Amino acid sequence: MGQLRCGYDFYKQDSVTVAKKLLGKLLVRKLGDEEIICKIVETEAYVGPEDKGSHAYQNRRTKRTEVMFEPGGYAYIFLIYGMYNCLNVVTNERDKPEAVLIRGIEPLKGIELIKKNRNIKSKKAADLTNGPGKLCEALAIEKDLNGYDLISGDQLYIKEADEKIDFEIVSSKRINIDYAEEYKEKLWRFYIKNNPFVSVILKD
DNA sequence: GTACCGATGTTCT
DNA sequence: GAACATCGGTACC
């Protein structure tokens, strides 16, 4: 089944291309004997040294951003607001610091384990995984997976869906990057139209 | 449905 | 010391 998994030829593309192509693909997480599979429904591209929204703006290279300078195919995980982790996929070639933030996923398998990991009151299924912090908690994705190899690792990876389902892609501004000046206007967020696991719907 | 607010800790100035 | 690619609760429509 290896041919279904996304490899370097996929991740080496630019982040906007990868962000769009990730929609509809499957995020797989192995936890002991159990497996969680979710469909990716919302992404954001962070586009390299010129992008004022990106942690790697002006090639800012620190311990935190180091993995963004690696070749595409690694996980970039960072802590936000002191409490939540966010999962990114590093894209493009070595020394071209780009990444795609996964913002929304739809659980297909392992929902009981997701509920256990999240432990929330809400009965709405969407609240389990409709946001970057939520989905990391749901899949037990923590800082120890920063730099994880999504191409050859088996704990966390991305693969093609088993069957192709048509959907419409919506482009929008990225969420919560007020500091990014003109770059906050860029339509570098993508999601599957009408999917309930999308985190935010902006008014036009 | 929207609006605000506090929690929390790492990173960078 | 400030900022931060967020979330869940409460209050009020």
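Treat the numbers as computed from the prediction; the structure is a model and nothing was measured. Within every chain, numbering begins at 1; the chains are lettered A, B, ... in the order of the sequence lines, protein sequences first and strands thereafter.
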For this session: For residues 135-148 of chain A, pull every pair meeting side-chain hydrogen bond (donor to acceptor under 3.5 Å, both in side chains), keeping only residues two or more places apart or in separate chains.
Result: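 Residue pairs passing side-chain hydrogen bond (donor to acceptor under 3.5 Å, both in side chains), neighbours aside: Arg118(A)-Glu137(A).
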For this session: Report the residue (Lys63(A) or Lys124(A)) whose heavy-atom-nearest nucleotide on DNA chain B is the more 5′ of the two.
Result: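 Whichever sits nearer the 5' end wins; that is Lys124(A).
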Exercise. Which nucleotide of DNA chain B is the first, and which the last, in the 5' to 3' direction, to come under 4.0 Å of a heavy atom belonging to chain A?
Worked result: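 Here the contact window of chain A covers dA7(B) to dT13(B).
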For this session: Tell me what Ser199(A) touches on the nucleic acid: a base, only sugar-phosphate, or nothing, going by heavy atoms under 4.0 Å.
Result: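 Nothing: the residue Ser199(A), judged by heavy atoms under 4.0 Å, touches no strand.
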For this session: May I ask you to say what Arg174(A) touches in the nucleic acid, namely base, sugar-phosphate or nothing, with a heavy-atom cut-off under 4.0 Å?
Result: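 If one applies the 4.0 Å heavy-atom cut-off, Arg174(A) turns out to touch nothing in the nucleic acid.
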Problem set entry | Range-with-range stems of DNA chain B (Watson-Crick or G-U pairs under 3.5 Å, three or more in a row) |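 DNA chain B stems, ordered by first number: B:1-7 with C:6-12, B:9-12 with C:1-4.
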For this session: Take Phe69(A) and Asn59(A) through the side-chain contact (heavy atoms from CB on, under 4.5 Å) test and state the conclusion after the steps.
Result: CA-CA 9 Å; Phe69(A) 291 80; Asn59(A) 282 311; 3.6 Å; yes
Problem set entry | Near-ring test Tyr74(A)/Tyr76(A), centroid separation under 6.0 angstrom |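 No; Tyr74(A) has its ring centre 6.0 Å or more from that of Tyr76(A).
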Problem set entry | DNA chain B contacts made by residues 65-79 of chain A, counting heavy atoms under 4.0 Å |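 Only Leu79(A) qualify.
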For this session: Go through residues 81-101 of chain A and report each residue with a non-hydrogen atom lying under 4.0 Å from DNA chain B, sorted by number.
Result: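 Only Tyr81(A), Gly82(A), Met83(A) qualify.
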For this session: Calculate the interatomic distance between Lys134(A) atom NZ and dT6(C) atom P; express it in whole Å.
Result: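 Taking NZ of Lys134(A) and P of dT6(C), I get 11 Å after rounding.
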For this session: Let me know the distance between CG of Asn130(A) and P of dT6(C), rounded to the nearest Å.
Result: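 Between P of dT6(C) and CG of Asn130(A): 13 Å.
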Exercise. OP1 or OP2 of dC7(C) less than 4.0 angstrom from a side-chain nitrogen or oxygen of Arg118(A), does that happen here?
Worked result: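 False: Arg118(A) side-chain N/O out of range (4.0 Å or more) of dC7(C) OP1/OP2.
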Exercise. Going by side-chain heavy atoms closer than 4.5 Å, which hydrophobic residues are tied to Leu187(A), directly or by a chain of links?
Worked result: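 Its cluster partners, ordered by chain and number, are none at all.
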Exercise. In the hydrophobic clustering (ILVMFWY, side-chain contacts below 4.5 Å, transitive), which residues join Ile165(A), or is it alone?
Worked result: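 So far as hydrophobic clustering goes, Ile165(A) is joined with none.
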Exercise. Can you list the steps and then say if Met68(A) with Glu98(A) is a side-chain contact (heavy atoms from CB on, under 4.5 Å)?
Worked result: CA-CA 6 Å; Met68(A) 292 183 74; Glu98(A) 299 191 355; 5.8 Å; no
Exercise. Partners of Asp51(A) by salt bridge (charged side-chain N to carboxylate O under 4.0 Å, His left out), sequence neighbours excluded?
Worked result: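 Asp51(A) satisfies salt bridge (charged side-chain N to carboxylate O under 4.0 Å, His left out) with Arg174(A) only.
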For this session: Rounded to the nearest 0.5 Å, what's the gap from OH on Tyr46(A) to OG1 on Thr65(A)? Could you check?
Result: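 Spacing of OH (Tyr46(A)) from OG1 (Thr65(A)) equals 15.0 Å.
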Contact check, side chains of [X] and [Y], non-hydrogen atoms, under 4.5 Å:
| X | Y | result |
| --- | --- | --- |
| Ile40(A) | Ile158(A) | yes |
| Arg61(A) | Asp95(A) | yes |
| Tyr191(A) | Thr43(A) | no |

Problem set entry | Any donor-acceptor N or O pair under 3.5 Å, side chains Lys52(A), Gln58(A) |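 Side chains of Lys52(A) and Gln58(A): no pair found under 3.5 Å.
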Exercise. Between Ser199(A) and Glu42(A), do the side chains contain an N or O donor and an N or O acceptor separated by less than 3.5 Å?
Worked result: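 There is such a pair (donor and acceptor under 3.5 Å, judged by atom type) between the side chains of Ser199(A) and Glu42(A).
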Exercise. In residues 39-53 of chain A, which residues come under 4.0 Å of DNA chain C by heavy atom?
Worked result: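 Tyr46(A), Gly53(A), in order of number.
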Exercise. In residues 176-197 of chain A, which residues come under 4.0 Å of DNA chain C by heavy atom?
Worked result: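 Those residues are Asn176(A), Ile177(A), Tyr179(A).
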Problem set entry | Set of ring-ring contact (aromatic ring centres under 6.0 Å, His included) partners for Tyr84(A), sequence neighbours left out |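 Here no residue qualifies.
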For this session: Look at the side chain of Arg189(A) and the backbone N and O of Ser172(A), then say whether any donor-acceptor pair between them is shorter than 3.5 Å.
Result: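 Answer holds: no.
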Problem set entry | From CA spacing to verdict: side-chain hydrogen bond (donor to acceptor under 3.5 Å, both in side chains), Asn195(A), Glu106(A) | CA-CA 9 Å; Asn195(A) 187 290; Glu106(A) 176 179 343; 2.8 Å; yes
Problem set entry | Candidate pair Glu160(A) and Lys164(A), rule salt bridge (charged side-chain N to carboxylate O under 4.0 Å, His left out), full reasoning | CA-CA 9 Å; Glu160(A) 297 284 344; Lys164(A) 286 271 179 280; 3.1 Å; yes
Problem set entry | Asn176(A): partners by side chain to side chain donor-acceptor pair (under 3.5 Å), with sequence neighbours left out |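 Applying side chain to side chain donor-acceptor pair (under 3.5 Å) to Asn176(A) gives none.
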